[in-house]
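Following: one structure in structure tokens, then a few remarks.
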2 protein chains.
Amino acid sequence: MSMESRVLRPIWLDDNGSTVNVIDQRVLPHESIVAELRTVDHVITAIKDMFVRGAPLIGVTGAYGLFLAALNAPEGKPENDYLIQESYRLKAARPTAVNLSWGVDRVLAAILQAPLPERVNTARRVAADIAEEEVENCRRIGEHGFPLIEAVSQKKNGAPVNILTHCNAGWLACVEYGTATAPMYVAFNRGINIHVWVDETRPLNQGARLTAWELGRHGIPHTIITDNAGGHLMQHDLVDLVIVGTDRTTSSGDVANKIGTYLKALAAKDNDIPFYVALPSSTIDWTIQDGLTDIPIEKRDPSEVRYVQGLCQGRVQSVLVTPADSPAANYAFDVTPARLVTGFITERGICTASHEGLVGLFPEKNQKPTNM
Amino acid sequence: MSMESRVLRPIWLDDNGSTVNVIDQRVLPHESIVAELRTVDHVITAIKDMFVRGAPLIGVTGAYGLFLAALNAPEGKPENDYLIQESYRLKAARPTAVNLSWGVDRVLAAILQAPLPERVNTARRVAADIAEEEVENCRRIGEHGFPLIEAVSQKKNGAPVNILTHCNAGWLACVEYGTATAPMYVAFNRGINIHVWVDETRPLNQGARLTAWELGRHGIPHTIITDNAGGHLMQHDLVDLVIVGTDRTTSSGDVANKIGTYLKALAAKDNDIPFYVALPSSTIDWTIQDGLTDIPIEKRDPSEVRYVQGLCQGRVQSVLVTPADSPAANYAFDVTPARLVTGFITERGICTASHEGLVGLFPEKNQKPTNM
């Protein structure tokens with residue numbers, strides 16, 4: 001199916017309300033394929049194999065996964081035990097992003113309180129609510145982040161503001177706008193002269209494939225670089241600002257994000273360049289403090305390192321880069337300590353990467369972390 | 001031509017003394033091809049297009065390039081003007097590694113002092129001398145670096161010493177032993193339990209393709225990782241030691257090496273992990289001090305970033321990773337400031353990354369840098 005004619009979002013419920021459609025992001029930008037998810041197993045596969053990825057989108061997909069569980073319950077009865085079991089299966093699909101648990105648990109909590117005959121509709125409504133809230137959160141992140149870019153632009157008298165980003169924290173990772181990209185879209189739409197350095201983001205090249213594609217569709221000037229290049233650019237004054245996303249944020253301000261983020265944060269610090277993390281509050285795990293010890297880091301299939309996928313003779317193919325018998329390791333995320341983060345851009349505004357900063361914006365969460 | 005049966009070095013003069021053979025490193029480890037260089041233009045192409053790469057090997061290849069110039073001189077007369085002109089052409093092939101100029105100029109100086117009829121033989125002899133000296137330098141680097149690994153091994157009671165390296169500073173980059181790899185080979189050969197984390201080293205994957213292949217042939221346990229992963233490994237105590245090479249070392253101890261080296265040095269510093277640079281003195285540029293301002297950083301073809309080459313259906317092929325219309329930039333090196341380097345491993349021993357350290361080992365060079 002060609003998606004160009006109908007999709008503005010990476011996930012949507014089809015017209016009959018029983019199939020969850022997602023863009024298969026594994027083959028972007030070379031092929032445009034929509035995958036139809038009709039069962040919990042479909043959803044688990046889509047999350048595990050990264051048809052969908054990005055913390056906010058995984059949360060929304062997981063929420064719709066529990067809706068599909070309710071819809072397809074044995075004998076049409078979505079009983080508690082069954083729903084709880086399916087929720088565990090969904091939440092186990094990927095370990096690092098907290099949004100998956102958050103989205104699944106939110107739907108679960110709502111439907112466990114609903115009578116059996118209303119559970120399917122409740123799940124559908126709550127999943128859709130989550131999607132719309134994440135859209136609104138990303139819109140607000142764009143508004144709150146915009147002044148950061150505007151200020152640099154003024155300081156540079158309108159010369160291009162060079163923003164570096166890692167991985168894809170764009171609308172493909174969310175539902176609309178993106179997190180890290182939201183301030184860029186707002187700035188560009190308001191006429192600010194920006195240029196984005198796009199880390200290719202090995203091993204799965206979400207930067208080179210997805211962020212570059214997003215920015216290119218929107219007409220935003222950008223340049224793809226290897227993950228190795230950012231430090232050199234920062235040393236030579238070619239980066240004004242770094243904005244990245246996060247998959248899980250601790251209550252103390254540590255952030256787990258795509259592997260390699262930590263290296264860029266170190267380089268930004270070493271060169272006095274602001275390093276911001278854009279996040280909807282759904283990525284905050286209020287139960288943990290120490291990102292290095294408390295966030296589970298996913299280890300994925302080494303073949304994602306050994307093979308690289310791309311377009312060859314009109315087809316998406318994979319090439320083996322390494323010797324046939326050399327082993328590889330594939331750590332998917334790393335943790336950037338709060339001390340390296342200039343600030344968080346959230347749906348409620350900007351704060352420092354600290355417990356104080358976060359509870360200043362989210363006072364309703366101001367309670368002792370559970371493991372203190 | 002299959003090389004397995006005859007090659008122990010990445011460069012050698014054939015039996016009739018008129019053809020310089022090099023391993024075509026562009027297609028390793030998937031194909032074993034030997035390129036025959038018979039003219040200066042062949043040599044320039046081999047250096048520019050990276051049939052050969054690695055600072056010491058480029059120096060040796062450049063030296064043999066001037067031998068070929070002498071051999072193929074118009075009317076059999078290698079006149080001064082002609083040789084000087086050919087030396088300029090050779091030295092312009094790649095800008096960052098100082099060894100190229102060093103090797104070419106050393107042959108040039110020798111043959112300009114020789115009478116015309118002896119120039120070809122002089123050039124052949126000096127080029128061969130340079131190759132042998134680099135072999136001996138690398139052998140000594142291995143001896144001097146070995147105790148660093150041995151000490152960690154003792155401290156860990158024989159548990160594997162985890163060494164991280166970036167790019168290929170192995171025998172393929174030199175002539176034998178390698179620079180960064182030399183201490184690893186010595187340690188392994190003496191029964192020390194080591195394991196090497198091999199940065200894949202985008203864009204041309206010299207780590208994933210060449211270092212992994214070298215180590216694998218020698219039986220050294222190793223694991224290929226993305227360039228993004230090293231920081232995470234260091235945060236989790238999975239790296240004991242970093243050893244890399246250098247393409248140009250300033251008299252003050254800054255080092256230009258493959259792009260991304262700086263990021264690993266930052267991560268090593270942040271995690272108190274020793275970061276050593278192994279170098280023969282041929283990489284030292286005594287005329288400059290400030291690596292960030294004085295070392296020319298090569299910008300290569302963006303297609304090296306946009307396409308990735310590997311094995312597909314039994315053939316070496318390239319796949320396009322990025323959108324067809326997204327631009328890319330390809331900076332080949334970065335500079336690691338001396339303050340991030342624990343020490344240099346040279347053919348004369350280990351020293352600090354500083355002017356004092358270097359002139360302590362090379363007192364004959366103790367003169368004011370020319371730009372002071």
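Heavy atoms only: backbone and side chains are in, while hydrogens, waters and symmetry mates are out. Naming convention: chains lettered A, B, ... in sequence-line order (proteins, then strands); numbering from 1 in each chain.
- Both the backbone and the side chain of A/Pro323 come within contact range of chain B, with heavy atoms under 4.5 Å apart.
- For A/Asp325, no part sits under 4.5 Å from any heavy atom of chain B, backbone or side chain.
- Applying the salt bridge (Lys or Arg N to Asp or Glu O under 4.0 Å) test to B/Asp199 and every residue at least two apart in sequence or in another chain returns B/Lys264.
- Side chain of B/Asn228 to main chain of A/Arg202: a donor-acceptor pair is present (N/O by atom type, distance under 3.5 Å, no hydrogens or angles).
- Using a 4.5 Å cut-off between heavy atoms, A/Glu200 touches chain B through its side chain atoms alone.
- Applying the salt bridge (charged side-chain N to carboxylate O under 4.0 Å, His left out) test to residues at least two apart or on different chains, none of the pairs has a partner in residues 312-324 of chain A.
- A search for side-chain hydrogen bond (donor to acceptor under 3.5 Å, both in side chains) contacts involving B/Asp49 returns nothing, not counting sequence neighbours.
- Without hydrogens or angle criteria, A/Gln317 side chain to B/Val319 main chain gives no donor-acceptor distance under 3.5 Å.
- Of the atoms belonging to A/Leu215, not a single heavy atom falls under 4.5 Å from chain B.
- The aromatic rings of A/Tyr331 and B/His232 sit tilted, their planes meeting at an angle between 30° and 60°.
- Proximity to chain A among residues 300-309 of chain B is limited to B/Val305, B/Val308, B/Gln309, judged by heavy-atom separations below 4.5 angstrom.
- Heavy atoms of A/Thr322 lying under 4.5 Å from chain B belong to its backbone as well as its side chain.
- With a threshold of 4.5 angstrom between heavy atoms, A/Leu233 approaches chain B through side-chain atoms but not through N, CA, C or O.
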